Colleague: 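Here it is: the structure, laid out below.
All ligand and atom numbering here is 1-based and tracks the order in the structure. Bear in mind the structure is a predicted one, so any value in this text is a computation, not a measurement. Just so it is clear, the values below take in all heavy atoms, side chains as well, and ignore hydrogens, waters and symmetry mates.
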Amino acid sequence: MPSAWSNRLAADHVAANCNDAGKSANNPGSNSNAIDNSGSTPRPSAPSRAAYVPPHLRKAQQEGSRSVPEPVSTPTLASASPRQLAGAAWGGGASGGTSRGSQGVGPRGGSTGWQSPSNNSWSGRSGWGGGRREPNPFADDDEADATLFEQENTGINFDAYEDIPVEASGEDVPPPFSNFSEIDLGPEVNENIKRCKYVKPTPVQRHAIPISMAGRDLMACAQTGSGKTAAFCFPIIAGILNGPPPSGRPPRGSRTVFPLALILSPTRELSMQIHQEAKKFAYRTGLQVVVVYGGAPVQQQLREMERGVDILVATPGRLSDLMERARVSLSQVRYLALDEADRMLDMGFEPQIRKIVEQMDMPRAGERQTMLFSATFPREIQRLAKDFLSNYIFLAVGRVGSSTDLIVQKVEFVQDHEKRSMLMDLIHAQNENGAQGVKGKLPLTLVFVETKRGADSLEDWLCRNGFPATTIHGDRSQQEREQALRSFRTGATPILVATDVAARGLDIPHVTHVINFDLPNDIDDYVHRIGRTGRAGKSGLATAFFNENNASLARALVDLMQEANQTVPDWLVSYAARTNFGGGGKGRRPGGSRFGGRDFRKDGNRGMGGSYGGGGYGASNAAYGASANSAWD
Ligand SMILES: Nc1ncnc2c1ncn2[C@@H]1O[C@H](COP(=O)(O)OP(=O)(O)OP(=O)(O)O)[C@@H](O)[C@H]1O
């Protein structure tokens with residue numbers, strides 16, 4: 001499909017590089033020059049190239065080999081994979097690789113390590129005060145274009161969150177705050193908020209932080225990209241710093257660690273991201289934040305843990321493994337946060353979570369503080385979740401008129417065999433329209449497909465046609481997944497083809513377009529997928545390819561789009577009318593939940609016994625909440 005735009009890309013060179021870039025880890029010794037860009041012959045083997053070292057191994061490599069004095073940088077042009085070279089050629093530059101070589105180093109925790117804002121008994125505890133240098137978690141941010149960073153966090157669109165309806169139900173709901181200065185997070189955390197360039201709290205932060213700081217359990221539902229990570233991290237960090245020093249924890253160097261807070265998330269990449277964020281928020285507090293997740297060498301993670309763990313971020317599988325080896329005890333956990341909580345309690349994860357939370361040594365609900373966060377909370381999951389909570393507050397932030405208006409949603413009727421050419425048209429169009437991505441590069445496009453094979457096949461096809469693409473899915477090695485994400489994030493490879501493994505939580509600035517090449521079966525999955533754009537007050541575009549195979553989603557999709565003030569095509573409305581039997585997936589209420597869904601305890605207190613919903617603030621009835629417009633309430 002020739003065009004001025006594709007011509008300018010020297011597509012044959014790009015496609016060749018793309019082809020080379022394919023699953024290189026599987027073909028380490030192959031001939032890099034065996035290039036075919038005709039699209040008709042099998043993809044050539046990948047070239048041999050310098051082994052990629054993921055971030056979590058770089059330090060180990062440094063420590064283990066004096067001959068490697070600098071941390072391994074994200075590949076530059078000289079060392080980049082062909083796939084990245086393709087991105088560079090296509091995107092007009094290779095500056096996307098953020099050098100980590102100049103990673104900054106923070107001051108020693110020294111005697112100030114562990115000092116709480118109001119409780120100096122923390123000093124002298126383990127942590128950075130032990131003489132280790134705390135790496136500066138803001139180093140990468142500092143390297144980023146400062147203007148860009150400011151735009152991200154203080155852009156005018158952030159005001160779009162101001163009018164969001166909020167519902168909080170439960171007994172004695174603490175009132176919200178307006179500014180970070182009104183709440184005692186402690187001087188270190190306040191300083192870190194400034195370093196993050198957060199000028200004012202987002203609505204979910206305004207409401208959730210006081211609830212958690214008051215010691216209450218919380219189930220919070222707020223839009224994608226609205227700052228939920230900080231909403232659960234700040235109270236955890238401040239709570240630990242303000243709380244009593246831990247008792248009964250073994251001395252440093254012990255093989256079993258006793259974290260005070262546990263943050264669980266469903267994917268490795270999301271856990272890594274939460275870890276990065278939490279380290280920023282806890283910088284110079286003396287608190288140790290450690291992440292453990294599958295697919296990466298356990299020894300390295302064990303070494304990290306041996307240096308002390310106060311806040312443990314984990315995926316359930318690796319955590320279970322470490323608990324079985326008696327390397328982690330949850331007996332001292334004061335704070336438990338489940339990010340993407342509805343996913344964590346969905347069929348796939350629920351038994352594992354139940355085991356971790358209920359059958360090991362974690363203090364019971366009521367003895368610990370529990371926070372559940374997600375953008376979606378189906379009722380049956382809320383019902384399940386109450387087992388993990390004690391006298392909790394349900395918080396729902398946003399629905400109509402909320403930040404999701406920032407995502408323009410479009411639905412195109414596309415038969416399966418036409419999807420690829422439609423995709424090509426969309427990408428051509430957005431590039432010819434001059435959409436801008438990172439530092440003048442092409443905008444980032446995230447394409448969701450249903451299967452891992454489908455992801456590989458589409459990535460291959462895109463590359464063959466001159467579109468630098470990479471892919472992330474469960475069959476790729478962890479190294480490949482991380483490399484793909486980094487290459488996409490930096491703009492070196494501006495198209496990422498993904499399965500649902502990338503649907504939740506990932507915060508990738510400058511994703512301007514999410515394309516549902518294959519629609520999910522569940523409307524909540526759709527909500528999370530499109531939420532990869534339009535984050536932190538910025539606008540975004542989401543396009544879905546719809547055909548007869550997606551008929552069961554029509555009703556929920558129409559409702560969702562109408563709630564978000566989107567233009568719904570007539571043909572989709574007709575589909576929805578014809579298929580008004582529900583859909584939305586997974587046997588849940590048709591259409592699943594909504595961001596800003598209702599507290600299920602208000603549905604007649606089924607199974608709850610006690611009286612709830614008496615307190616709270618904000619609208620508490622049909623004036624808002626998913627029920628207002630829903631076809632089912
Ligand atoms: N108070 C704030 N001011 C400015 N930016 C903020 C603020 N709080 C969070 N952010 C930024 O907003 C972005 C989205 O935050 P975050 O990833 O926590 O969203 P989320 O609600 O967890 O989204 P998702 O539902 O997709 O997981 C991040 O880049 C974060 O740094």
Colleague: Taking atom types as modelled and ignoring hydrogens, do the side chains of E277 and Q273 form a donor-acceptor contact shorter than 3.5 angstrom?
Modeller: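 Short answer, no.
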Colleague: Taking only heavy atoms of A536, which atoms of ligand 1 are found under 4.0 Å from at least one of them?
Modeller: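 Matching atoms, with element in brackets: 12 (O), 13 (C).
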Colleague: Just let me know how E340 lines up against ligand 1, side chain, backbone, both or neither, with a heavy-atom cut-off below 4.0 Å.
Modeller: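 Within the 4.0 Å criterion, E340 contacts ligand 1 through side-chain atoms alone.
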Colleague: Using the side chain to side chain donor-acceptor pair (under 3.5 Å) criterion, which residues pair with E450? Sequence neighbours excluded.
Modeller: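 With sequence neighbours excluded, E450 shows a side chain to side chain donor-acceptor pair (under 3.5 Å) to R529, given in chain and number order.
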Colleague: Restricting to side-chain contact (heavy atoms from CB on, under 4.5 Å), what partner residues turn up for T267, sequence neighbours left out?
Modeller: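 Only E269, L270, V501 meet the side-chain contact (heavy atoms from CB on, under 4.5 Å) criterion with T267.
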Colleague: Check the side chains of Q430 and T445 for a donor-acceptor pair under 3.5 angstrom, ignoring hydrogens and angles.
Modeller: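 Yes, Q430 and T445 have a side-chain donor paired with an acceptor closer than 3.5 Å.
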Colleague: Could you list the atoms of ligand 1 found under 4.0 angstrom from a heavy atom of K200?
Modeller: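 Counting from 1, the qualifying ligand atoms are 1 (N), 2 (C), 3 (N).
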Colleague: Which option, F180, F232, Y198, owns the non-hydrogen atom nearest atom 6 (C) of ligand 1?
Modeller: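 Going through F180, F232, Y198 one by one, Y198 has the nearest heavy atom to atom 6 (C) of ligand 1.
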Colleague: Go through it in stages, so that I can follow the logic: the residues are D342 and R504, the test is salt bridge (charged side-chain N to carboxylate O under 4.0 Å, His left out), and I'd like the CA-CA distance, side-chain angles, deciding distance and then a yes or no.
Modeller: CA-CA 11 Å; D342 57 331; R504 283 177 177 258; 2.9 Å; yes
Colleague: Side chains of T224 and H528: any donor to acceptor distance under 3.5 Å?
Modeller: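 Judged by distance alone, the side chains do not pair up.
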Colleague: So, regarding G227 and ligand 1 (criterion: nitrogen or oxygen to nitrogen or oxygen, under 3.5 Å), is there a contact or not?
Modeller: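 Yes: some nitrogen or oxygen of G227 is under 3.5 Å from one in ligand 1.
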Colleague: Under 4.0 Å from a heavy atom of S226: give me the atoms of ligand 1 that qualify, with their elements.
Modeller: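 Those of ligand 1 that fall under 4.0 Å from S226 are 19 (O), 20 (P), 21 (O).
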Colleague: Checking the N or O distance criterion of under 3.5 Å, is ligand 1 in contact with D339?
Modeller: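 Min N/O separation from ligand 1 is not below 3.5 Å for D339.
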Colleague: Can you tell which of Y335, F373, F281 makes a ring-ring contact (aromatic ring centres under 6.0 Å, His included) with F232?
Modeller: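 Option passing the ring-ring contact (aromatic ring centres under 6.0 Å, His included) with F232: F373.
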Colleague: Would you mind running through ligand 1 and noting each atom that sits below 4.0 Å from a heavy atom of T229?
Modeller: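 Numbered from 1, ligand 1 contributes 16 (P), 17 (O), 18 (O), 22 (O).
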Colleague: Within ligand 1, which atoms have a heavy atom of Q223 less than 4.0 Å away?
Modeller: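 Per the distance check, 21 (O).
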Colleague: Given S265, G225, P203, which has its nearest heavy atom closest to atom 24 (P) of ligand 1?
Modeller: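 Result: the heavy atom closest to atom 24 (P) of ligand 1 is in G225.
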Colleague: With a 4.0 Å heavy-atom cut-off (strictly under), which part of R535 contacts ligand 1: side chain, backbone, both or neither?
Modeller: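 The side chain, only.
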Colleague: I need the contact type for T224 against ligand 1. Using non-hydrogen atoms and a strict under-4.0 Å cut-off, is it side chain, backbone, both or neither?
Modeller: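 For T224, backbone and side-chain atoms both sit under 4.0 Å from ligand 1.
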Colleague: Measure across I407 and G534 and return the closest heavy-atom pair with its distance rounded to 0.1 Å.
Modeller: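 Minimum heavy-atom separation between I407 and G534: CG1-CA, 4.0 Å.
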Colleague: Heavy-atom distances under 4.0 Å decide this one: backbone, side chain, both or neither, for H528 against ligand 1?
Modeller: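 Within the 4.0 Å criterion, H528 makes no contact with ligand 1.
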Colleague: Does a side-chain heavy-atom distance below 4.5 Å link I356 with L262?
Modeller: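 I356 vs L262: side chains touch.
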Colleague: Check each heavy atom of R532 against ligand 1 and say whether those closer than 4.0 Å belong to the side chain, the backbone, both or neither.
Modeller: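 Contact part for R532 vs ligand 1: side chain (C-beta onward).
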